[in-house]
> 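Structure below; questions to follow.
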Amino acid sequence: MPPLSRRKFIAGSSLALIAADAAPQPGLHARARARGLFYGSAVNDDTLTNDPAVLGRIKAECGVLVGEAQFKWGDLRPDAKTFDFTRADALLAFATKSGLRMRGHTLLWHEGNPAWLEKTLTPANAEKLLVDHIRGVVGHWKGKLMHWDVVNEVIDSDDKQPLNLRKTLWQQALGARMLDIAYHTTAETDPSALRVINDYGTDYTLAWQDRKRGAMLDLLADLLHRKVPVQAVGLQAHLDGGEVTLDQKVLAKFVADIASMGLKVIVTELDVRDQRLPADIPSRDETVAAHARAWLDAVLSNRAVLGVLSWGISDRNTWLNGQFARADKLPQRALPLDAALNRTKLWSAIAASIDAAPVR
Ligand code: XIL
């Protein structure tokens, strides 16, 4: 049975079916590869264990995967002494079998942590806990992961901490040293994985995002000055299709400023929430696609950008319906495939933006 996306072009003729199958539109990763980029997606445990149809589409569209939760502390660390790699290893096995590469996400974050960590962490034991975790986790997959999001979401200037760091359990215990420890330990344990600092909220000319772009550039300058081995910035790109303050020049300048420091850039978690958009699907899809196209065009025009991952491949399974649910409770249309696994206008926008990117 051909996938739904092709079935709708068949129009009852088996000849048309053969023609459609003979010349399928290349997937996003194939198109990205032609520009020297990659395309990929986050995969969660539910999809991996229960949804072979989505896994099939992932193989058709992606070259890179990342665990939506499987590589976070909460999934890997039942207690302070034990590592449970079962779910993450299962995802890596699927990736390897399917010829896909994988990113690691993430080693230090203020969310996704086990309750025992929050209860146990003190200024006295924090360094050992962090070093042991990174040695254990990064070491387990040494040479097998292409990148590590070493730290995630460490900036929040509203918290009024030095270097605009977010006030978190790790920051309160170690201060900015958490970054030195995390990057040096990762570099020593697996020098081959590109070391990323990953964050959200640098997409628009909202006042807090203007501050956040500035804070990110200041933090990077400080880290590089102190020879902390960070190598790339992950732009999460959880976009808001209802936001009207996207300024391509500001965005392109931000990426250029990062690149001018000798750092790479990766779009790590692309999706477009549509909770502020009207219910009508064609107009929702149109706005979401145009929004993503504008954002991606500004970012992918810079050759320091290595590739794009979306936070899931299909609307069947997006975190947005939980945390950012629409008031009318309609499922969001935030990803390149809809819930029936048809390619959406957003898919076409991503494909077009990739096709238009300069070859690296
Ligand atoms: C989210 C997952 O999608 C959810 O399923 C989980 O419950 C919480 O984390 N930024 C990140 C990701 O860096 O790790 C988050 O993933 C989404 C926001």
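Just so it is clear, the values below take in all heavy atoms, side chains as well, and ignore hydrogens, waters and symmetry mates. Whatever order the structure lists ligands and atoms in, that order sets their numbers, starting from 1.
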> Under a 4.0 Å threshold between the charged nitrogen and the carboxylate oxygen, would Asp156 count as salt-bridged to Lys167?
no

> Nearest protein heavy atom to atom 3 (O) of ligand 1, by residue and atom, and its distance?
Glu68 OE2, 2.5 Å

> Is Glu111 in contact with ligand 1, taking contact as a heavy-atom separation below 4.0 Å?
no

> Are a donor atom and an acceptor atom from the side chains of Asp89 and Gln70 found within less than 3.5 Å of each other?
no

> Can you tell me how far the CG atom of Leu239 sits from the NE2 atom of His291, to the nearest 0.5 Å?
5.0 Å

> Is it the case that ligand 1 has an N or O less than 3.5 angstrom from some N or O of Trp109?
no

> Give the contacting part of Trp311 toward ligand 1: side chain, backbone, both or neither, where contact means a heavy-atom distance below 4.0 Å.
side chain

> Quick one: does ligand 1 sit under 4.0 Å from the side chain of Asn152, the backbone, both or neither, non-hydrogen atoms only?
side chain

> So, are Lys212 and Asp199 salt-bridged, with charged N and O less than 4.0 Å apart?
yes

> Checking side-chain contact (heavy atoms from CB on, under 4.5 Å) between Val196 and each of Lys264, His105, His147, which is the one that passes?
His147

> Which atoms from ligand 1 have a heavy atom of Glu153 less than 4.0 Å away?
10 (N), 11 (C), 13 (O), 18 (C)

> Side chains of Trp109 and Glu153: donor-acceptor distance under 3.5 Å anywhere?
yes

> Tell me the contacting part of Glu269 for ligand 1: side chain, backbone, both, or neither, using a 4.0 Å heavy-atom threshold, strictly below.
side chain

> Counting each atom of ligand 1 from 1 as listed, which ones have a heavy atom of His105 under 4.0 Å away?
11 (C), 12 (C), 13 (O), 14 (O)

> Among His238, Gln236, Lys72, which residue places a heavy atom closest to atom 16 (O) of ligand 1?
Lys72

> Does atom 10 (N) of ligand 1 have a protein heavy-atom neighbour under 4.0 Å away?
yes

> Can you tell whether the side chains of Arg103 and Asp149 come within less than 4.0 Å, N to carboxylate O?
yes

